[in-house]
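In what follows, chains are A, B, ... by sequence order, proteins preceding strands, each numbered from 1.
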Amino acid sequence: MDLQFYNSLSRRKEKFIPLNPGQAGLYTCGPTVYNYPHIGNYRAYIFEDILRRTLKYFGLRVNQVMNLTDVDDKTIRDAAKEGLPLNQFTQRYKDAFFADLKTLRIEPAEHYPAATEHIPEMIDLVRKLLERKVAYQTEDGSVYFSISRYPKYGCLVNLDPQQLRSSGRVNHDEYDKESVSDFALWKAREPEDGDVWWDSPWGPGRPGWHLECSAMSMKYLGESFDIHTGGVDNMFPHHEDEIAQSEAATGRQFVRYWLHCAHLIVEGKKMSKSLGNFFTLRDLLDKNFSGRELRYVLLGTHYRQPLNFTFQGCRDAKAALERIDDFTERLRRCQDKSLEDNNQQFKSVIERAESDFRSALADDLNTAEALAALFNMIRDVNRLLDQNNISSQQSNKLLHLLSQFDSVLGVIEPDKKEPVPPEIERMARERQEARKQKDFARADSLRDQLTELGWMVEDTPEGPKLKRLV
RNA sequence: GGCGCGGUAGCCAAGCGGUAAGGCAGAGGUCUGCAAAACCUUUAUCCACCGGUUCGAAUCCGGUCCGCGCCUCCA
């Protein structure tokens with residue numbers, strides 16, 4: 001099955017045909033590093049991670065660029081509030097971001113360009129736009145993009161430029177824009193900016209918000225590239241403006257496929273600090289949920305569907321993952337038994353799983369369905385396992401298949417297990433001894449003691465198994 | 001007001017023209033010394049509501065109600 005994605009540009013699913021066969025250029029909107037990201041942000045990053053991993057699963061070489069926005073109104077404002085130099089302030093959040101990526105098992109991108117390190121590229125772009133007369137300079141030394149000189153404006157979000165209302169949010173310093181909807185390419189230095197400014201042909205200032213993404217994506221991926229992603233809220237104005245300024249500068253199509261992921265709500269309500277339902281990854285870890293569990297929760301809903309995040313959902317995820325863990329553990333312990341010839345049956349289980357999994361992902365990254373394919377396989381194989389009808393060679397094959405699935409999902413591999421303390425081990429052995437003597441009262445009392453210490457013991461045909469209670 | 005998304009079992013959630021995936025939870029059973037795990041059976045005659053198109057609709061069209069997002073710096 002061919003890979004297809006829902007392209008926001010055309011509002012329909014389209015077969016994915018990369019610009020260069022066998023490769024995919026991917027620009028994923030990254031964090032503005034002025035704060036710790038919340039779980040909604042992570043929904044976007046995990047969606048982007050699934051996209052990346054799926055492209056690889058389908059044999060494409062991926063070149064992913066994720067920007068770090070380390071200069072904008074908020075970074076400047078908050079750094080000043082804390083009396084820190086901008087780069088020192090943003091470094092804290094960059095570090096936290098990368099730590100979180102690890103916790104969430106998000107694969108690193110090939111490039112993480114920071115806006116502050118690409119000022120010259122941005123200035124070049126502004127220069128080009130001025131040359132092409134789609135931008136103009138104002139008296140204070142700012143440069144704006146002129147929407148009226150770019151007829152295609154609004155193609156992504158289907159907005160009528162005439163209808164853009166002038167919101168009350170227009171800054172006092174933008175009074176000399178030709179049109180309220182024109183957006184800043186370069187912002188002249190203001191007193192509040194402190195020492196955050198760069199020299200430019202138009203005087204000291206800093207880049208406009210959208211400029212970095214155009215400049216950096218084109219630098220690393222070329223003037224025209226395959227895929228650009230972000231949250232739906234970024235479609236306007238951010239992505240719309242990116243398209244305008246990039247295509248006006250190059251005369252070429254900027255991005256071929258735009259993918260946007262929907263938002264996350266919490267217990268049916270919009271996440272907001274005032275409602276007290278605003279969570280960072282740290283908050284979840286403090287509540288004893290793992291990154292793996294959050295990742296699983298986020299994979300359960302298709303990325304273009306609003307996701308209702310609940311703590312019940314996190315608990316459900318825990319249980320579902322335990323089912324996966326029990327299964328992989330069972331495969332690892334699997335030993336050859338007296339086997340009937342089950343090759344035909346085994347083959348059909350594997351084939352169905354593989355093809356269902358593959359077509360689920362191919363169809364616009366349907367992770368919910370991919371997960372269903374995984375669980376169907378688990379049930380089928382458990383059935384064979386119950387009949388002692390899986391050879392060790394077959395179980396190895398299955399473990400290999402699971403790791404292939406996990407190269408996309410990133411949730412199958414268990415978290416590092418706490419080693420079993422010797423004392424616990426000893427008690428389990430003692431209990432096993434008691435069971436052999438048919439001293440079940442003693443065996444059960446030992447099991448109760450183990451439970452109290454936080455360990456569950458399960459008796460399996462291969463001997464007792466200890467599980468940490470969570 | 002404009003543009004757009006959604007309402008599917010107790011909860012989460014796929015499916016988007018051919019007769020309801022999957023996970024969690026619940027009930028009964030098999031297995032087990034007892035458990036746990038696993039497996040089996042079971043849990044929506046029905047997909048917000050009302051009309052229409054069709055041999056056939058949760059899926060398409062129109063309308064109604066409800067929830068949500070964006071409309072200049074929020075994933």
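Between B/G22 and A/Arg379, a contact under 4.0 Å exists linking OP1 or OP2 to a side-chain N or O. Within the structure, every side-chain polar atom (N or O) of A/Asn366 is placed at least 4.0 Å from both OP1 and OP2 of B/A14.
When both pairing distances are held under 3.5 Å, B/U42 makes a Watson-Crick or G-U pair with B/G26. In this structure B/C68 sits in a base pair with B/G4, meeting the Watson-Crick or G-U test at under 3.5 Å. Taking a pair to require two hydrogen-bonding distances under 3.5 Å in either a Watson-Crick or a G-U wobble arrangement, B/A75 remains unpaired. For B/A58, there is no paired nucleotide, since no Watson-Crick or G-U wobble pair has both relevant distances below 3.5 Å. The base-pairing partner of B/C49, taking Watson-Crick or G-U wobble contacts with both distances under 3.5 Å, is B/G63. Pair assignment for B/G33: none, as no Watson-Crick or G-U wobble contacts are both less than 3.5 Å. Searching all strands for a Watson-Crick or G-U wobble partner of B/U19 with both distances below 3.5 Å returns nothing.
Which of B/U72, B/A38, B/A35 sits closest to the side chain of A/Phe183 comes down to B/U72. Comparing B/C70, B/G22, B/A14 against the side chain of A/Phe236 picks out B/C70 as the nearest. Here B/A21 is the nucleotide among B/A38, B/A21, B/G6 with the atom lying nearest to any side-chain atom of A/Asn376. Distance from the side chain of A/Ala368 is smallest to B/A13 among B/A75, B/A13, B/A36. In this structure, the nucleotide among B/C24, B/C74, B/C34 sitting nearest to the side chain of A/Asp233 is B/C74. Among B/U72, B/A36, B/A75, the nucleotide with an atom closest to any side-chain atom of A/His263 is B/A75. Comparing B/C74, B/G33, B/G22 by their closest approach to the side chain of A/Phe375 singles out B/G22. Nearest to the side chain of A/Asn234, among B/A75, B/U72, B/G15, sits B/A75. The nucleotide whose nearest atom lies closest to any side-chain atom of A/Asp316 is, among B/G23, B/C74, B/A75, B/G23. Checked against B/A37, B/G22, B/G15, the side chain of A/Glu369 finds its nearest nucleotide in B/G15.
In the interface, the side chain of A/Asp459 is paired with the base of B/C34 through a donor and an acceptor atom under 3.5 Å apart. A donor-acceptor contact under 3.5 Å links the side chain of A/Arg435 to the base of B/G33. Put simply, the side chain of A/Arg304 and the base of B/G69 share no donor and acceptor less than 3.5 Å apart.
For the ring-ring contact (aromatic ring centres under 6.0 Å, His included) with A/His210, the qualifying choice from A/Phe145, A/Trp186, A/Phe183, A/Phe236 is A/Phe183, the only one to do so. A side chain to side chain donor-acceptor pair (under 3.5 Å) with A/Ser214 is found for exactly one of A/Glu121, A/Glu247, A/Gln245, namely A/Gln245.
Atom P of B/U8 sits at a distance of 11 Å from the matching atom of B/A14, rounded to the whole Å. Annotation: B/A48 and B/A58 have their P atoms spaced 10 Å apart (nearest Å). Here, B/G10 and B/A36 have their C1' atoms 25 Å apart, quoted to the whole Å. Atom name P, nucleotides B/A38 and B/C24: the rounded distance is 8 Å, in whole Å. If you take atom C1' in B/G26 and the same atom in B/G2, they sit 47 Å apart, rounded to whole Å.
Under the 4.0 Å criterion applied to side-chain N and carboxylate O atoms, A/Asp406 and A/Arg53 are not assigned as salt-bridge partners. Ionic pairing of A/Arg304 and A/Asp364 is present here: one or more N-O contacts between side-chain nitrogen and carboxylate oxygen are shorter than 4.0 angstrom. Salt bridge annotation for A/Asp78-A/Lys81: present, with a cationic side-chain nitrogen under 4.0 angstrom from a carboxylate oxygen.
No engagement by A/Phe47 is indicated, since no non-hydrogen atom pair under 4.0 Å with the nucleic acid exists. At a threshold of 4.0 angstrom between heavy atoms, the contacts of A/Arg352 with the nucleic acid are absent. Across all strands, A/Leu264 comes closer than 4.0 Å to base atoms (heavy-atom distances). Across all strands, A/Gly40 comes closer than 4.0 Å to base atoms (heavy-atom distances).
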Next item on the list: Carefully, step by step, assess A/Asp459 and A/Arg435 under the rule side chain to side chain contact (heavy atoms under 4.5 Å, CB included).
Entry: CA-CA 10 Å; A/Asp459 300 321; A/Arg435 288 183 68 219; 3.1 Å; yes

Next item on the list: Dump the intermediate steps for ring pair (Phe, Tyr, Trp, His ring centres under 6.0 Å) on A/His239 and A/His260, then the final yes or no.
Entry: CA-CA 10 Å; A/His239 292 334; A/His260 292 97; 5.0 Å; yes

Next item on the list: Test salt bridge (Lys or Arg N to Asp or Glu O under 4.0 Å) on A/Arg105 and A/Asp49 and set out the steps.
Entry: CA-CA 9 Å; A/Arg105 307 181 173 198; A/Asp49 184 49; over 6 Å; no

Notebook entry, point to check: Can you list the steps and then say if A/Gln137 with A/Ser142 is a side chain to side chain donor-acceptor pair (under 3.5 Å)?
Noted result: CA-CA 6 Å; A/Gln137 190 178 346; A/Ser142 293; over 6 Å; no

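Here the side chain of A/Tyr34 pairs no donor or acceptor atom with the backbone of A/Tyr93 at under 3.5 angstrom.
RNA chain B lies under 4.0 Å from at least one heavy atom of each of the following residues of residues 439-448 of chain A: A/Phe440, A/Asp444, A/Arg447.
Following rounding to the nearest Å, A/His302 (NE2) and B/G23 (C1') show an atom-to-atom distance of 18 Å.
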